[in-house]
Amino acid sequence: MQVTLKILRYNPEKDARPHWESYRLEAEPMDRVLDLLHQVKWEKDGTLAFRKSCGHGICGSDAMMINGVNRLACKTLVKDLGTDVITVEPIRGLPVEKDLVVDMEPFFEAYRAVKPWLINDEPPPERERLQSPEERAVFDEGTKCILCAACTTSCPVFWVNGTYLGPSAIVQAHRFIFDSRDKGAHERFPALGSTGGVWRCRTAYNCTEACPREIPVTQLIEEVKRAIMFGQM
Amino acid sequence: MAFRARRLEEAKRLSTSNLELAWWVFMRVSGVMLVFLVLGHLYTRAVLFNFHHDLTYDVVARNMSTVTWKFYNWLLLFLSILHGTNGLRYIIDDYLPSPRARVWVKVIVYTLVFLVVVFGTISLWAWNYTPVR
Amino acid sequence: MAHQHDVLVIGAGGAGLTAALYAAHRGADVGVISKLYPTRSHTGAAQGGIGAALGNVEEDHWEWHMYDTVKGGDYLTDQDAAEVFAREVIDAVIELEHMGLPFDRLPNGKIAQRRFGGHTKEWGKAPVHRAAHAADRTGHMILQTLYQQSVKRGITFYNEFHVLDVIFNEEGRAIGVVALEFATGELHTFQAKAIVIASGGFGRLFKVTSNAFTLTGDVQAILYRKGWIPLEDMEFYQFHPTGLYRLGILVTEGARGEGGILRNAQGERFMERYAPTIKDLAPRDMVSRAMYLEIKEGRGCGPNKDYICLDLTHLDPEIIEKKLPDIAEFSRTYLGVDPLKEPIPVVPTAHYAMGGIPTTLDGAVIKDGQGTEIPGLFAAGEAACVSLHGANRLGTNSLGDLVVFGRRAGLAAARFAQANTFVDLPPDATGPARELIEGLKGNTGGESPFAIRKDLQETMMENASVFRTEELLEKQVGILKDLFERYKKVTIEDKGDRYNADLVEAIELGFLLDNAEALVHSAKNRKESRGAHAREDYPERDDENWLKHTLVYREAPGKVRFDYKPVVITKFEPKPRVY
Amino acid sequence: MYRGREGQWAFYLHRISGIAIILFLALHVTEISSSMFGPKWFNALLKFEENPIFGLGLVAVAALVLYHALNGLRIILMDFTSWGVRLQRQLWYAVWVVYVVLGFPMLFIMLRHVFVGGE
Ligand SMILES: Cc1cc2nc3c(=O)[nH]c(=O)nc-3n(C[C@H](O)[C@H](O)[C@H](O)COP(=O)(O)OP(=O)(O)OC[C@H]3O[C@@H](n4cnc5c(N)ncnc54)[C@H](O)[C@@H]3O)c2cc1C
Ligand code: HEM
Ligand code: SF4
Ligand code: F3S
Ligand code: FES
């Protein structure tokens with residue numbers, strides 16, 4: 001089938017502002033949008049810039065806005081879009097560097113702010129720390145996160161308010177706060193409870209819809225809110 | 001998952017960042033109360049009365065002169081203003097990226113809100129119905 | 001711009017991050033250069049598990065693990081490496097758990113383990129539960145956990161920097177690195193007392209692969225180009241039996257570990273014929289060859305009889321959704337096949353390089369068959385070859401390799417850095433890298449890098465994959481010569497500086513070609529069948545002549561020289577490999 | 001425009017209605033408070049507001065208040081129950097059902113007040 005791929009192009013070395021460019025392509029229904037981008041890059045215009053690595057939704061490189069929704073290009077099949085006009089734009093709320101490449105630094109800054117590592121100063125036992133399957137299941141969802149930023153850059157609050165940590169960082173915090181081995185919840189609290197923290201979330205659910213790993217992001221955010229609230233009052 | 005502070009310094013550190021939580025809870029508590037207050041207000045004013053024609057100084061004044069209604073209205077005024085202003089604060093924080101602009105807009109908004117509350121409160125207690133002939 | 005670190009790690013996958021953590025732990029100032037954001041590294045794609053004889057589910061011993069590794073490697077495995085590995089990987093897994101890795105758990109709270117190909121108890125009697133796992137995203141969790149620890153330690157990262165050159169002084173000590181910053185197009189120099197290479201594999205050499213687009217064997221090629229540094233055992237390249245049909249996306253061996261069965265068009269469980277004892281859980285080389293044979297003999301599934309069916313339909317749906325959620329999703333997303341209801345179409349997919357940069361047990365890179373170390377240069381992970389995996393790697397042994405030998409390399413590098421000082425870089429250290437870039441930007445020959453890469457991948461698949469013959473390899477040597485000629489005329493469209501992916505892909509293509517050259521020549525040279533290297537014209541293993549490691553050097557473009565390194569044999573005398 | 005689903009629109013509508021209500025509230029309070037200046041002034045103001053434009057404005061504000069109140073309850077359910085988030089979409093539709101049930105009679109009465117006039 002023939003599809004039209006419209007890409008929001010921007011080359012800071014040449015363009016004053018981003019502009020749309022269209023490409024007519026021959027595509028199979030089972031093609032990934034990533035395949036289409038490659039087709040453009042390899043056969044039509046080598047200057048196109050975008051990130052990719054694994055090609056099957058596991059590395060988190062290629063979150064972009066496809067037909068108005070954040071998705072991974074490598075996990076979105078042409079047939080699933082149900083149209084032959086496909087628009088691709090960079091994810092929002094992070095500075096665009098070139099074409100579909102954005103500056104990820106602010107995103108990782110928020111990640112680091114919630115201390116995303118196991119905090120437990122007690123000397124570990126000889127063997128593994130024990131944890132029941134039930135305790136393990138409580139924080140399972142958050143461990144799936146691939147830090148693709150699809151959620152954070154779909155959040156209407158994040159687009160306008162750069163101080164908001166964003167859903168991804170809160171998912172990371174959840175992963176540790178609810179880990180029975182972690183003792184550092186109170187260390188994460190200042191970042192999570194500040195003006196840019198969880199209370200900024202307005203439960204818009206774009207994050208949950210966008211997450212390619214099908215993590216119930218809003219649910220986790222709400223659990224963090226409740227954890228802080230009940231821990232505090 | 002232990003948030004409860006075990007030492008004083010810990011408690012202090014935690015307490016400094018509790019403000020946003022307090023506002024968040026307040027929005028919910030006041031919201032629930034406002035459902036009754038606002039919808040009650042709407043009902044009594046806009047549905048029972050023909051607000052568009054029957055509402056006159058007399059009607060309002062007679063109503064406003066009882067202490068119960070004074071209190072009802074004052075609570076309504078106070079909670080909705082506080083709730084709404086904090087909501088505006090969220091919105092200002094979201095859409096005004098420049099810290100300078102934020103401060104100025106907030107100063108102006110809070111001043112106006114303050115004046116409205118003062119004005120409203122004074123007038124509320126000033127109602128004292130003596131029928132005008 | 002110029003930077004300086006005691007220890008410089010190239011690559012932020014499992015091996016690189018482990019090395020960085022332990023070097024930092026020893027007090028070294030560590031910098032990590034990675035062409036991807038660390039969490040994008042391909043270690044994150046590893047699914048099934050990390051093998052260690054924890055004995056949480058049933059009795060297990062490191063000796064059994066060592067034996068399986070040696071036997072799985074078709075006795076080309078260096079047994080000192082296998083012993084160090086099988087012992088230390090137990091502690092390494094426990095340590096990962098202490099770092100916070102969310103392993104799946106048994107009801108008693110201990111780390112859960114599952115069966116995996118080639119892992120047995122009592123010297124091959126029956127499959128054993130040895131692979132510690134976190135659902136089917138064990139690699140993802142390892143990568144995340146290691147990155148979390150690195151962030152905690154405040155290790156310096158240079159993300160999206162492409163290493164283009166490693167610099168040596170006259171005495172042959174590695175003293176620095178040149179890297180291209182993707183964001184700006186600027187060349188940076190890094191001065192280091194010790195350098196650890198952990199840049200991963202080169203699966204993109206083949207058309208059907210489980211590997212990421214970015215796995216192009218860069219640093220292997222950079223060293224190989226120098227001429228005096230060899231690559232070891234490059235002929236041994238593993239094809240994983242179960243890649244999604246056409247796409248190559250991996251379906252973990254854990255799927256068979258949980259009870260999945262391979263069937264041909266007649267629905268026959270054909271592995272019963274090839275490996276009567278452990279059937280579908282035979283080592284990968286054997287299963288891949290069996291699948292190829294089934295397809296070749298007309299028993300493949302599908303309209304074109306060109307794939308094999310991986311049947312999970314008899315499993316409890318709960319097991320699939322809980323223990324194999326990701327692969328179920330891959331199958332649904334990319335093939336539209338629901339593994340609960342239909343078998344998954346699979347084909348062997350290019351997966352893992354057993355060979356690479358030769359090292360000692362401490363990760364020090366060596367330059368000849370006598371084991372002469374190159375001062376200041378270390379390597380670990382898939383890029384390296386300690387020869388733990390010999391002629392064929394067992395599933396779950398790579399993740400173990402990353403943490404065990406990543407740690408050893410990191411510690412050794414830190415020790416080296418403590419004992420040595422910085423060496424000044426030559427005045428024009430960036431010269432060769434700049435020439436490379438300007439050469440590519442200036443080329444007008446009109447050859448498209450895409451077309452060259454496509455031809456390379458297709459011909460490598462045809463001529464140098466699961467089955468090989470003298471004739472096919474000879475043919476591929478000729479094809480490579482031609483591709484090198486075409487590469488000289490390769491022309492890129494993007495002449496800019498910022499995020500020039502066009503340039504980077506062209507550079508990576510050059511690296512791929514070098515890896516191909518090393519692989520094909522080594523394969524042509526080894527006249528026997530062993531592990532993943534199956535020669536139809538020499539179907540038998542030949543211990544008399546070939547129980548040795550190949551070291552391949554580039555003499556001149558298209559011309560190679562071989563040296564050999566003896567296999568270390570301690571506990572287990574080579575025996576025929578039957579399962 | 002980002003093609004968000006129910007949650008996004010629920011949020012935007014909640015925000016817009018919130019702003020509208022607080023602005024109206026400020027005016028409303030000022031207006032009522034002006035009674036301090038005596039019945040003359042106040043009655044004049046009310047007279048002025050008999051214009052149907054104001055009436056319709058009032059209806060609009062009432063409509064926004066009703067949405068804001070009902071969706072506010074939806075938010076509270078999501079925040080304080082374990083199931084609210086899972087059922088957020090259904091809850092939003094429930095908001096609209098209740099909205100119609102309560103809103104229609106109100107709309108009817110208010111519109112009659114505006115256009116039919118007093119007896
Ligand atoms: C789909 C799949 C599933 C697997 N499953 C398992 C499993 O279940 N169990 C198991 O044991 N093994 C498994 N493996 C194998 C194992 O995951 C890999 O061999 C291992 O992760 C390699 O790790 P690494 O650290 O060496 O390299 P990688 O994780 O590939 O990292 C390479 C790093 O080097 C960097 N790099 C590369 N080139 C350059 C350059 N020029 N400049 C700067 N940086 C550079 C990259 O950015 C990256 O950070 C699997 C492999 C695949 C592909
Ligand atoms: C009638 C009952 C009301 C209920 C149940 C209610 C409930 C809520 C709740 C729960 C929030 C928080 C939203 C969030 O954090 O996502 C909120 C926000 C808000 N409310 Fe109300 N509210 C009511 C009345 C009012 C009134 C009368 C006003 C105006 C004076 C008002 C103005 C606002 C504003 C401006 C916001 C901020 C919106 C945002 O940040 O997006 N609300 N309301
Ligand atoms: S929560 Fe989901 S969308 Fe957000 S970063 Fe993680 S994987 Fe991506
Ligand atoms: S989209 Fe944003 S507002 Fe909250 S529910 Fe998700 S973080
Ligand atoms: S390329 Fe890795 S997630 Fe899409």
Side-chain angles (χ1 to χ4, degrees), chain A residues 11-14 30 32 38 41-43 45-61 75 77 79-80 97-99 101 103-104 108 111-112 115-118 120 124-133 135-136 139-140 143-147 175-176 179 181-182 214, chain C residues 36-37 39-42 44-45 54 56 93-94 97-100 102-112 134-135 137 140-141 144-145 148-149 151-152 159 183 212-215 244 247 249-250 326 329-330 333-336 448-451 492-494 496-502 505:
Chain A
N11 181 350
E13 287 167 279
K14 290 209 191 88
M30 289 303 279
R32 302 165 276 194
H38 274 145
K41 174 154 189 64
W42 291 340
E43 294 167 24
D45 184 353
T47 64
L48 179 67
F50 55 93
R51 291 191 176 102
K52 49 102 203 284
S53 183
C54 70
H56 64 285
I58 204 71
C59 75
S61 297
K75 237 185 149 173
L77 304 194
K79 74 172 167 54
D80 297 333
E97 297 279 350
K98 181 178 173 184
D99 295 337
V101 176
D103 179 6
M104 296 294 288
F108 280 102
Y111 168 78
R112 291 191 292 266
K115 304 199 175 187
W117 53 79
L118 189 85
N120 186 339
E126 191 72 3
R127 296 282 296 204
E128 64 262 50
R129 292 192 175 97
L130 298 181
Q131 181 171 55
S132 72
E135 287 169 328
R136 168 67 179 77
F139 65 97
D140 187 57
T143 66
K144 296 180 186 164
C145 175
I146 53 175
L147 299 172
R175 181 248 168 274
F176 289 102
D179 188 329
R181 301 168 295 171
D182 186 86
E214 287 170 21
Chain C
L36 302 169
Y37 273 91
T39 53
R40 318 280 186 237
S41 302
H42 209 56
L54 301 173
N56 281 358
V93 168
I94 299 292
E97 196 282 333
H98 290 166
M99 288 180 188
F103 283 110
D104 286 352
R105 299 291 172 152
L106 297 168
N108 64 10
K110 290 187 182 173
I111 296 171
R137 54 193 131 85
H140 165 78
M141 290 325 320
Q144 295 282 331
T145 304
Q148 290 155 3
Q149 292 296 315
V151 171
K152 178 180 173 190
N159 296 332
F213 289 102
T214 44
L215 285 178
L244 289 188
L247 291 158
I249 296 169
L250 195 78
D326 280 4
E329 193 196 310
F330 294 153
T333 307
Y334 296 109
L335 295 180
S448 131
F450 161 67
I492 57 172
E493 278 176 67
D494 196 341
D497 292 324
R498 301 180 50 149
Y499 291 98
N500 191 336
D502 216 14
E505 285 193 15

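What's counted below: heavy atoms across the whole structure, side chains too, no hydrogens, waters or symmetry copies. Lettering follows sequence order; numbering is per chain, from 1.
Using a 4.0 Å cut-off between a side-chain N of Lys or Arg and a carboxylate O of Asp or Glu, C:Arg105 and A:Glu128 do not qualify as a salt bridge. The pair C:Arg498-A:Glu97 meets the salt-bridge criterion, with a side-chain N (NZ, NE, NH1 or NH2) lying under 4.0 Å from an Asp/Glu carboxylate O.
Contacts between A:Arg181 and chain C at a heavy-atom distance below 4.5 Å involve the side chain alone, from C-beta outward. For a residue to count as touching a neighbouring chain, one of its non-hydrogen atoms must lie under 4.5 Å from one of that chain's; by this rule A:Glu135 does not touch chain C. Contact of A:Pro12 with chain C is made through the side chain alone, with heavy-atom distances under 4.5 Å.
Residues A:Met30 and C:Gly336 approach most closely at CE-N, 4.1 Å, considering heavy atoms. Smallest separation of non-hydrogen atoms from A:Ser61 and C:Arg40: OG-CD, 3.3 Å. Scanning both residues, A:Arg136 and C:Ala134, for their nearest heavy atoms gives NH2-CB, 4.4 Å. The heavy-atom pair separating C:Gln144 from A:Leu147 by the smallest distance is OE1-CD1, 3.8 Å. Across all non-hydrogen atoms, the minimal contact from A:Ser53 to C:Thr214 is OG-OG1, 2.7 Å. Smallest separation of non-hydrogen atoms from A:Arg32 and C:Leu247: NH2-CD2, 3.8 Å.
Formation of a donor-acceptor pair under 3.5 Å by the C:Arg137 side chain with backbone atoms of A:Ile58 is not found in this model. Between the side chain of C:His140 and the backbone N or O of A:Thr143, at least one donor-acceptor pair lies under 3.5 Å.
Between chain A and the residues C:Asn56, C:Ile492, C:Thr145, the largest count of heavy-atom pairs under 4.5 Å involves C:Asn56. When C:Asp497, C:Leu36, C:Leu250 are compared by the number of non-hydrogen pairs under 4.5 Å with chain A, C:Asp497 comes out ahead. Contact count versus chain C (heavy atoms, under 4.5 Å) is highest, among A:Asp140, A:Asn120, A:Asp80, for A:Asp140. For the options A:Lys144, A:His38, A:Glu126, A:Lys115, heavy-atom pairs under 4.5 Å to chain C are most numerous at A:Lys144. Interface check for chain C: of the options A:Leu130, A:Asn11, A:Asp99, the most heavy-atom pairs under 4.5 Å are formed by A:Leu130. Among A:Gly57, A:Gly55, A:Ala49, A:Gly60, the residue making the largest number of heavy-atom pairs under 4.5 Å with chain C is A:Gly60.
Ring geometry for C:Phe330 versus A:His56: interplanar angle over 60°, hence perpendicular rather than tilted (30 to 60°).
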_Run A:Leu118 and C:Gln148 through side-chain contact (heavy atoms from CB on, under 4.5 Å) and show every step you take._
CA-CA 8 Å; A:Leu118 189 85; C:Gln148 290 155 3; over 6 Å; no
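Stacking of A:Lys98 on the aromatic ring of C:Tyr499 is not recorded, the 6.0 Å distance cut-off and the 45° axial limit not both being met.
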